[in-house]
Protein chains: 2
Amino acid sequence: MADVETARGLRKTLHDRGMRMTPQRQLVLDAVRSLEHATPEQICQRVQETAPTVNITTIYRTLDLLDRLGLVRHTHLGHGAPSYSVEDHQHVHLVCHVCGSIQEIPCELLDPLVGTLRERDGFELDASHLALSGTCRDCLKQEQEIE
Amino acid sequence: MADVETARGLRKTLHDRGMRMTPQRQLVLDAVRSLEHATPEQICQRVQETAPTVNITTIYRTLDLLDRLGLVRHTHLGHGAPSYSVEDHQHVHLVCHVCGSIQEIPCELLDPLVGTLRERDGFELDASHLALSGTCRDCLKQEQEIE
DNA sequence: CTATTTGCAAAGCTTTTGCTAAGTT
DNA sequence: AACTTAGCAAAAGCTTTGCAAATAG
């Protein structure tokens, strides 16, 4: 895995691919790092606090780039805009498909699964940004009452 | 869990909530059942083969309803429109966040996790429509080559 | 000088909302 | 009559595209 954690590492990684490190890219990355689970819209607002002329198009392009480099991840929590966060923000989301509520659990709970997929499929599961869908405790209870 | 598998069961479930079974709802459900992993757009096209005047608004409203009843599930495979399928279409998707490729694995692999979440959080994980994000074998190999 | 990146405006696609008409109980 | 549902049109929300100007190597 290319070193991409440090500013210098990122610069080199980009350079190896014929790309450049720019102020905009640094600002977007900083914003994602500090916000945790932010939509492109929210990230744009944060970046514009420092550099008001940065366009949301650049936010989208940069998020896509950083995602492909593995520096950030996006998750679809329910419908609507996806939510971006940095790679090391460690937890898993339980999304209730009935009420839309979201709770977080430690991602260590997925360690067994990560191992299984690595051996079976050569697939490196990113357990740090998962949205798992199901029914939450409250909605299960309500279903029983209607029945 | 309310019986919702049969046409009669669905009718009753709806009735208990002050709702009705309609031809449109039946058609949408049939379409989702036969298509497997279809977008609202595709479902609409299928429904319109039988009933050309059904509006896509109705598709959206019905999918949302069926989702809340637990009859269908939606998954976000990458960006763009979500993909709907019936509850019993059993497999899990591994989505590569680098190249976007998708592979399927049997959902039994998640049984241990389902048990853990049920005990720990009272959360009933729906393991039949999951999209797990990570890096696929090919993209892992390519990363190593660039390095 | 060449290639990459940005900002801007416009277009594109998906989804939701407001409202009226139609259908059920 | 009261209430749910459907269709339609318009609006809203999110994302991408095309292109010229700016910037970096």
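What you see below is based on every heavy atom in this structure, not just the backbone, and it leaves out hydrogens, waters and symmetry mates. Just so we're on the same page: letters track the sequence lines, and every chain starts at 1. Not measured: the values here are computed from a predicted model.
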Subject >> Partner residues of Phe123(A) under the ring pair (Phe, Tyr, Trp, His ring centres under 6.0 Å) criterion, sequence neighbours left out >> reply: none
Original post:
Can you name the residues that form a side chain to side chain contact (heavy atoms under 4.5 Å, CB included) with Arg61(A), not counting sequence neighbours?
Top reply: Thr57(A), Thr58(A)
Original post:
So how far off straight is the helix from dC1(C)-dG25(D) to dT25(C)-dA1(D), going by the axes through five pairs at either end, to 10°?
Top reply: 30°
Original post:
Sequence neighbours excluded, which residues qualify as side chain to side chain contact (heavy atoms under 4.5 Å, CB included) partners of Thr50(B)?
Top reply: Leu27(B)
**OP:** Strictly below 4.0 Å, heavy-atom distances to any atom of DNA chain C: list the hits from residues 48-62 of chain B, or just say none.
**Re:** Thr57(B), Tyr60(B), Arg61(B)
Original post:
Of all residues at least two apart in sequence or in a different chain, which pass the salt bridge (Lys or Arg N to Asp or Glu O under 4.0 Å) check with Arg25(B)?
Top reply: none
**OP:** Taking side chain to side chain donor-acceptor pair (under 3.5 Å) as the test, write out the residues that go with Asp138(A), two or more places apart.
**Re:** none
Subject >> Contacts of Gln26(A) that satisfy side chain to side chain donor-acceptor pair (under 3.5 Å) - sequence neighbours left out >> reply: Asp30(A)
**OP:** Tell me, please, which residues at least two apart from Ser83(A) pass side chain to side chain donor-acceptor pair (under 3.5 Å).
**Re:** His37(A)
Subject >> Counterpart residues, side chain to side chain donor-acceptor pair (under 3.5 Å), relative to Thr116(A) (two or more places apart) >> reply: none
Original post:
Is the shortest heavy-atom distance from the side chain of Leu66(B) to the side chain of Thr62(B) under 4.5 Å?
Top reply: yes
**OP:** Summarise how protein sits on nucleotides 20-25 of chain D as a single string, 5' to 3': B when a protein heavy atom is under 4.0 Å from the base, S for sugar-phosphate-only contact, - for no contact.
**Re:** ----BS
**OP:** Kindly state each residue pair satisfying salt bridge (charged side-chain N to carboxylate O under 4.0 Å, His left out) with at least one member in residues 112-121 of chain B, sequence neighbours excluded.
**Re:** Arg118(B)-Glu124(B)
